[in-house]
Amino acid sequence: MKILSVVGARPQFVKLAAIADAAAQRDDVEHVIVHTGQHYDAAMSDVFFADLRIPAPDVNLAVGSGTHGRQTGAMLTGMDEVLAEHRPDWTLVYGDTNSTLAGTLSAVKMHLRVAHLEAGLRSFNRRMPEEHNRVLTDHAADLLLAPTEVARGHLAAEGLAERTLVTGDVMTDVCLRVAESVRGTEPALPEGIDHSAPFAVATIHRADNTDDPDRLRAIVTALQGLDVPLALFAHPRLVAAAEAAGIELAGGAVHVGEPVAYPDLVGAVQRASAVVTDSGGLQKEAYLLGTPCSTIRTETEWVETLEDDWNRLVSDPQELGVAVSRPQPTAERAPHYGDGRAAARSVDALRERA
Ligand code: UD1
């Protein structure tokens, strides 16, 4: 049977690593990888394939950046041809990016079956492009591979229970594996941070935080005022937005670095005393690795991380200082995100329905 994976953005490469591995272990599975080219900088794409030992994509649509419509439209145009050539038994789409939506729409229009990995996540915030992408994808897809029981509940509430299967979270598979391989190694931090003393790790990339200069300035000021040195791994969107608004990211507690490879990120989070982010994946990685997280958003899709204050929502930047310096929770973390075998379960679900 043939599975065709559509990926394009950083977090999707991490999920793909787990699926590609599980597919390679099954003789009856042919796995075709399509990269839309949504992320194209080496640090945002190539290093993930190299470090996580993902086979090179069979196809690269090289769409690049653009407005939502332009970017998604270019992907749709490219996908038609690819799907007509490969005619997969399953088109597998991941998460909530524009690449997810484009892969889904192309396949359903060609009467090809679609499975959505990481189905059922909801922020209930209709301003987020990711929320549009995940709701539309879930309603168009034929099989919904949900990471958690909370996700199953959301899908059931939208009338999608019959198409749903809870598999666990594939990012957990990769995160736990990589954490083991980098344990004890020196974390790669921006210049000026001493890894033998406490430090924090931050990423900011959501449009809601980067694209309003006043909000971005308030966030950067709060980060610079933290009382612990902070490694800010800066996404190109953040760098571009700060430059356009005349905001200097470095200064005070903030030490700026490039986006880092996945093992370096996991290594840094594992050793950090705190994480500050607006990324979905990083909130969960912090939880899995036992590092308290402060999330600069009004809501999260990964609500389980909020238990016992392991993750705290901080929408007002002025509250960041207090949140980041809170002591590490002592409560055990429940295994909400599965047992590290979600990818195997997902691939087998597709084989059973080939
Ligand atoms: C996308 C996803 C988001 C995901 C994130 C992970 C959508 C709507 N959003 O957001 O869900 O959490 O990826 O990182 O799909 N850029 C570069 N080089 C690159 C890629 C992007 O310079 O390799 C810059 C461009 O200026 C681009 C901007 O970053 O316009 C935003 O990139 P885009 O792919 O549109 O969205 P992300 O913010 O990365």
Side-chain angles (χ1 to χ4, degrees), residues 6-17 34-50 52 57 60-76 78-79 93-105 116-119 121-123 125-138 171 174 202-212 215-216 219 232-245 249 256-262 265 277-286 295-297 299-302:
V6 184
V7 293
R10 214 162 34 157
Q12 292 168 328
F13 308 142
V14 180
K15 294 163 204 168
L16 172 66
V34 179
H35 188 325
T36 62
Q38 176 169 353
H39 285 175
Y40 44 86
D41 286 349
M44 301 287 285
S45 176
D46 300 0
V47 294
F48 285 78
F49 282 80
L52 299 174
N60 192 323
L61 300 177
V63 301
S65 303
T67 60
H68 290 293
R70 201 172 273 279
Q71 186 180 55
T72 312
M75 292 174 193
L76 282 170
M79 281 305 299
V93 296
Y94 300 68
D96 56 20
T97 73
N98 291 342
S99 299
T100 317
L101 181 61
T104 304
L105 273 181
H116 183 204
L117 190 96
E118 209 177 77
L121 293 194
R122 295 291 181 267
S123 67
N125 176 354
R126 303 262 306 169
R127 279 184 51 82
M128 292 176 67
E130 293 83 2
E131 185 75 355
H132 316 149
N133 291 340
R134 53 173 92 96
V135 170
L136 292 167
T137 297
D138 282 338
M171 270 188 136
V174 187
T203 72
I204 307 289
H205 78 280
R206 297 270 168 209
D208 263 1
N209 285 333
T210 57
D211 294 4
D212 169 1
R215 171 132 185 106
L216 181 58
I219 291 172
L232 174 62
F233 298 120
H235 185 290
R237 178 198 278 281
L238 171 65
V239 174
E243 228 168 72
L249 293 173
V256 180
E258 304 261 313
V260 280
Y262 192 70
L265 182 78
T277 192
D278 58 7
S279 147
L282 190 47
Q283 291 171 53
K284 201 173 40 188
E285 280 142 7
T295 297
I296 313 185
R297 285 179 51 192
E299 73 287 305
T300 176
E301 300 80 13
W302 301 106

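Remember, it's 1-based here, ligands and their atoms both numbered in the order they're listed. These figures come from a predicted structure and were not determined experimentally.
- Residue S99 has no nitrogen or oxygen atom sitting less than 3.5 Å from a nitrogen or oxygen atom of ligand 1, judged on distance alone.
- Looking at N133, D41, L238, T210 and measuring to atom 18 (N) of ligand 1, the nearest heavy atom belongs to D41.
- Using a 4.0 Å cut-off to heavy atoms of D96, the atoms of ligand 1 that qualify are 11 (O).
- Between D41 and R10 there is no salt bridge, since no side-chain nitrogen of the basic residue lies less than 4.0 Å from a carboxylate oxygen of the acidic one.
- Distances from atom 34 (O) of ligand 1 to the heavy atoms of H235, Q38, R237 show the closest one on Q38.
- Between D211 and R206 there is no salt bridge, since no side-chain nitrogen of the basic residue lies less than 4.0 Å from a carboxylate oxygen of the acidic one.
- Using a 4.0 Å cut-off between heavy atoms, M44 contacts ligand 1 through its side chain alone, with no backbone atom that close.
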Could you go through Q71 and N98, starting from their C-alpha distance and side-chain angles, then the distance that decides it, and tell me whether this counts as side-chain hydrogen bond (donor to acceptor under 3.5 Å, both in side chains)? CA-CA 8 Å; Q71 186 180 55; N98 291 342; 2.8 Å; yes
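- The backbone N or O of E299 lies less than 3.5 Å from a partner atom in the side chain of R297, making a donor-acceptor pair.
- For the pair K15 and E118, the salt-bridge criterion is met [side-chain N within less than 4.0 Å of a carboxylate O].
- Only the side chain of E130 comes within 4.0 Å of ligand 1, judged by heavy-atom distances.
- Comparing heavy-atom distances from atom 25 (C) of ligand 1 across A207, G8, G37, S65 singles out S65 as nearest.
- The protein atom (non-hydrogen) at minimum distance from atom 2 (C) of ligand 1 is T97 CG2, 3.8 Å.
- Aromatic ring pairs are classed by plane angle as parallel below 30°, tilted from 30° to 60° and perpendicular above 60°; the pair F48 and Y262 is tilted.
- The aromatic rings of H35 and F49 lie parallel to each other, their planes meeting at an angle below 30°, with 60° marking the opposite boundary.
- Distances from atom 39 (O) of ligand 1 to the heavy atoms of H205, H39, Q12 put H39 nearest.
- Here is the list of ligand 1 atoms found below 4.0 Å of a heavy atom in H68: 8 (C).
- At the shortest separation from atom 8 (C) of ligand 1 among protein heavy atoms lies N98 OD1, 3.4 Å.
- In this structure the side chain of P259 reaches within 4.5 angstrom of the side chain of P236, judged on heavy atoms.
- Looking from atom 16 (N) of ligand 1 to the surrounding protein, the closest heavy atom is Y40 OH, 3.6 Å.
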Please report the C-alpha distance between T97 and Q12 in whole Å, then the side-chain angles of each, then the deciding distance to 0.1 Å, and finally whether the side-chain hydrogen bond (donor to acceptor under 3.5 Å, both in side chains) criterion is met. CA-CA 9 Å; T97 73; Q12 292 168 328; 2.9 Å; yes
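- Only side-chain heavy atoms of P11 come within less than 4.0 Å of ligand 1; its backbone N, CA, C and O stay farther off.
- Evaluated by nearest non-hydrogen atom to atom 22 (O) of ligand 1, the leading choice among A9, P236, A241, A102 is P236.
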